[in-house]
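A short worksheet on the structure shown next.
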Amino acid sequence: MMNLSKVCKGVRQLKKYGPFLAIFFIALVFLMPHLFTHKLILGADAPFHYNRFYDTAQQIKHGDFHYFPSLYGFQQSGRIVNAVYGPFFAYLQGLIVLLAGSWFHYQILSSFILYLISGFSMLILLRYVNVRNWVSVPVAVLFMSTYSIQYWSINQGFTSWGTCFYPLCMIPIVDFVLHKKFPVIKVAISVGLMTQIHLLSSIMLALMYIPFYLYYFFNQTEKGKALLQLIKSVLLYFVLTANIWAGLAIVYSGNKILPPFVNREMSQKAIDLDGSYWLHYPKAFPILILSGFFLFIFFQQKNTLFQKIVLYTSLVFFFLSTSLIPWTTLIEKNVPFISLIQFPFRFFVPFTLLLLLYLALSLNQWSEQKWFRLLGILGILIFSAQTIQNLYQHLEKWENETFVSRHTYLFDTPEEARKTFFSKDMSTSLFVFQKTTPDYLPIYKETKDNKYDRYNEEILENETTFIKTHPGGLLTIKWKNTGDKTVHIPVIVYDRTVLQQNGKTLTDYELTDIGTPIVNQQKGINELTLHYRTPIYFYFILSLTLIGWFTLLCLFIYHRYKHLHA
């Protein structure tokens, strides 16, 4: 009897943890192309995000935290990026950078973490809606294989980091419809987490919530209570994201900030045109999309109300991701907020999540059939093989990588540049391979000059004639007199940036159109220090946010402990 009891317990444990173990091994398999070839994939967004994370890594390493200016990344220019772009998550990525020790290892480690989170979060969501393991594991592997997740591995697209948490953040939609309750804390945490990672992803998540919340609201007898629950959740959300809104207010209230570029040919990036590659990760994905629609048509009577809302909502996002919406016309007419989307294919991410949820719910009815289990295993093999094939195809480009394209600059030979990505000195890669992304620069003069080119002229071309160090957590810039009366200093000045010379605040200087100072030179060696005046009240707001997250984490651990020992 004792042995039988142990066997039964072992079976239960396998059913509970087996799927997570399977995802762990699939994530390892996805790393094999990198490990076997010892190559990297550098996408268009790599320089931007690698600079962000290197900056936070060095802050952690040296213990000199500066929330607003970049004093290590972005050519040590003092420009503001992380404060307005997922600040907390940037510090978590900085920890990964420190653990990795080289950009090659960072690419492997970050991808592994991304795969694990995406697979685990999908398993947790599907378990929450009672989908069996023989369905949830193949669907989780499929999710890991889609371009929504592979976007980071292949192009360093940051959208993937928001996407990998989406399944966890979709748990409230289940509560809205199936459990007919409003989970105040879950909603606040879900949207708050997404905001801390990627602001646009949080907007997409809120859009996903709308039809499910409306169903909940209109089926409530006490509408006032439903609204009160929403208000409570919003208030808690603002506590969990107060640092972001305060940071944005500080930066934008005192400066005219250059926004991310406006895509004037927006429709061209729809999934039925130049964005069609989103459909082919994995290559079997279009077949599965069609399968979802066929399942809905042929098994309409078996579809629950929840399944119908999921599918109809997914179709709305699919429609938004196509050129059927006149995106380019909307941009030309300056319709508010449309320019923030930049690429219609971004709507394909919520479509993917909702479609996979619908597929899992629909296929669950056959999960006990032997033929379906064989089909599930075959699916895992196909998705994994196609993902590995795609990764190998991109890795093959590494040996011919020239690094040079529009707005990117190489300060060494391609052969030497490739070597730097394996070096323990991670700053070397950021120096030899630079991109002049000008997002969030302050604009002091309206000119027709291309801001990418202006950043190159003011920062990159001047970089080698100045020595920048960080004594006491301040940025110090030294240079030798060039013989001219004035010199352009390769740093960015915002309204709260303070420049000091010989211990005194410098005031007699001009600013270029993108905020680089033009100062008078003294004879011999010149020295300036730069720091940013952060308002005292911001530290109280930052503390409030940290306390909010810490309190919720403690409550979660407490409830888990009670549940395990009940």
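A donor atom on one side chain and an acceptor atom on the other are found under 3.5 Å apart for Asn243 and Tyr67. In summary, the side chains of Ser323 and Asp272 do present a donor paired with an acceptor at a separation below 3.5 Å, with no hydrogens or angles considered. Residues Asn263 and Gln268 have side chains that never bring a donor and an acceptor to within less than 3.5 angstrom of each other. A side-chain donor from one of Gln76 and His470 sits under 3.5 Å from a side-chain acceptor of the other. Judged by distance alone, the side chains of Thr516 and Thr512 do bring a donor and an acceptor atom under 3.5 Å apart. Thr420 and Thr428 share no donor-acceptor pair across their side chains, judged by distance under 3.5 Å alone. For the residue pair Asn390/Tyr277, the side-chain donor-acceptor check at 3.5 Å is not satisfied. A side-chain donor-acceptor contact under 3.5 Å links Trp479 and Gln521. No hydrogens or angles considered: a donor-acceptor pair under 3.5 Å links the side chains of Glu463 and Gln434. Residues Tyr455 and Glu461 have side chains that never bring a donor and an acceptor to within less than 3.5 angstrom of each other. Side-chain contact annotation: Gln93 with Tyr106, donor-acceptor N/O pair under 3.5 Å present. Judged purely by distance below 3.5 Å, without hydrogens or angles, the side chains of Ser153 and Tyr115 pair a donor atom with an acceptor atom. A side-chain N or O of Thr241 and one of Trp245 form a donor-acceptor pair less than 3.5 Å apart.
In this structure, CG on Leu441 lies 13.5 Å from NZ on Lys256, to the nearest 0.5 angstrom. Remark: Met204 CE to Tyr209 OH distance equals 15.0 Å, nearest 0.5 Å. Rounding to the nearest 0.5 Å places CD1 of Ile197 at 12.0 Å from CG of Leu199. Interatomic distance, Thr465 OG1 to Lys478 NZ, rounded to the nearest 0.5 Å: 15.5 Å.
In this structure, Leu553 places its CG atom where more than 12 heavy-atom neighbours from other residues, nucleotides or ligands lie under 6.0 Å away. Atom CZ of Phe411 sits in a crowded spot, with more than 12 heavy atoms from other residues, nucleotides or ligands closer than 6.0 Å.
The closest donor-acceptor contact from the side chain of Ser276 to the backbone of Ile271 lies at 3.5 Å or more, if one exists at all. Under the 3.5 Å distance criterion, the side-chain polar atoms of Arg346 are matched with a main-chain donor or acceptor of Ile341. Distance alone, capped at 3.5 Å, is enough to place a donor-acceptor pair between the Thr436 side chain and the Tyr452 backbone. One N or O on the side chain of Gln107 and one on the backbone of Ile41 form a donor-acceptor pair closer than 3.5 Å.
Every residue meeting the side chain to side chain contact (heavy atoms under 4.5 Å, CB included) condition with Val239, not counting sequence neighbours, appears here in chain and number order: Leu544. By the side-chain hydrogen bond (donor to acceptor under 3.5 Å, both in side chains) test, Gln501 is found to be paired with no residue, residues two or more places apart in sequence or in another chain being considered. Partners of Ser427 according to the side chain to side chain contact (heavy atoms under 4.5 Å, CB included) rule, which considers only residues two or more places apart in sequence or in another chain, are Tyr54, Asp425.
Checked options Thr505, Leu530, Leu506; the residue passing with Val498 is Thr505 (criterion: side chain to side chain contact (heavy atoms under 4.5 Å, CB included)).
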*Give the intermediate values and the outcome of side chain to side chain donor-acceptor pair (under 3.5 Å) for residues Tyr91 and Gln59.*
CA-CA 9 Å; Tyr91 281 97; Gln59 289 183 48; 2.6 Å; yes
*Could you give me the CA-CA distance, side-chain angles and deciding distance for His531 and Phe68, then say whether ring-ring contact (aromatic ring centres under 6.0 Å, His included) is met?*
CA-CA 10 Å; His531 72 272; Phe68 286 92; over 10 Å; no
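Counting heavy atoms from C-beta outward, Ser102 and Lys424 have side chains that stay 4.5 Å or more apart. Using a 4.5 Å cut-off on side-chain heavy atoms (C-beta onward), Ile477 and Ile467 make no contact. Residues Glu399 and Lys39 have side chains in contact (heavy-atom distance under 4.5 Å, counting atoms from C-beta outward).
Below 30°, between 30° and 60°, or above 60°: for Phe53 and Trp152 the angle between ring planes is between 30° and 60°, a tilted geometry. In this pair, Phe348 and Phe351 present their aromatic rings tilted. The plane angle is within the 30 to 60° band. Between Phe158 and His49, the ring-plane angle classifies as parallel under the 30° and 60° cut-offs. Phe104 and Phe422 have tilted rings, their planes meeting at an angle from 30° to 60° on a 0 to 90° scale. Using cut-offs of 30° and 60° on the angle between ring planes, the pair Phe165 and Phe89 is perpendicular.
Taking the six-membered ring wherever Trp is involved, the centroid distance between the rings of Trp327 and Phe347 falls below 6.0 Å. Note: His488 and Phe466 fail the aromatic proximity criterion, with ring centroids not under 6.0 Å apart.
Contact detail for Asp45 and Gly157: the closest heavy-atom pair is OD2-CA, 3.9 Å. Phe143 and Pro167 make their closest contact through CE2-CG, 3.6 Å (heavy atoms, listed as atom of the first residue, atom of the second, distance). Scanning all heavy atoms of the two residues, the minimum distance from Leu205 to Ser190 falls at CD2-O, 3.8 Å. Closest heavy-atom contact between Pro69 and Asp55: O-OD2, 4.2 Å. In terms of heavy-atom proximity, His407 sits nearest to Asn450 at CE1-OD1, 3.8 Å. In terms of heavy atoms, Ala270 sits closest to Pro344 at CA-CB, 4.1 Å.
Stacking of Arg496 on the aromatic ring of Tyr532 is not recorded, the 6.0 Å distance cut-off and the 45° axial limit not both being met.
Salt bridge Arg454/Glu458: present, at least one basic N to carboxylate O contact under 4.0 Å.
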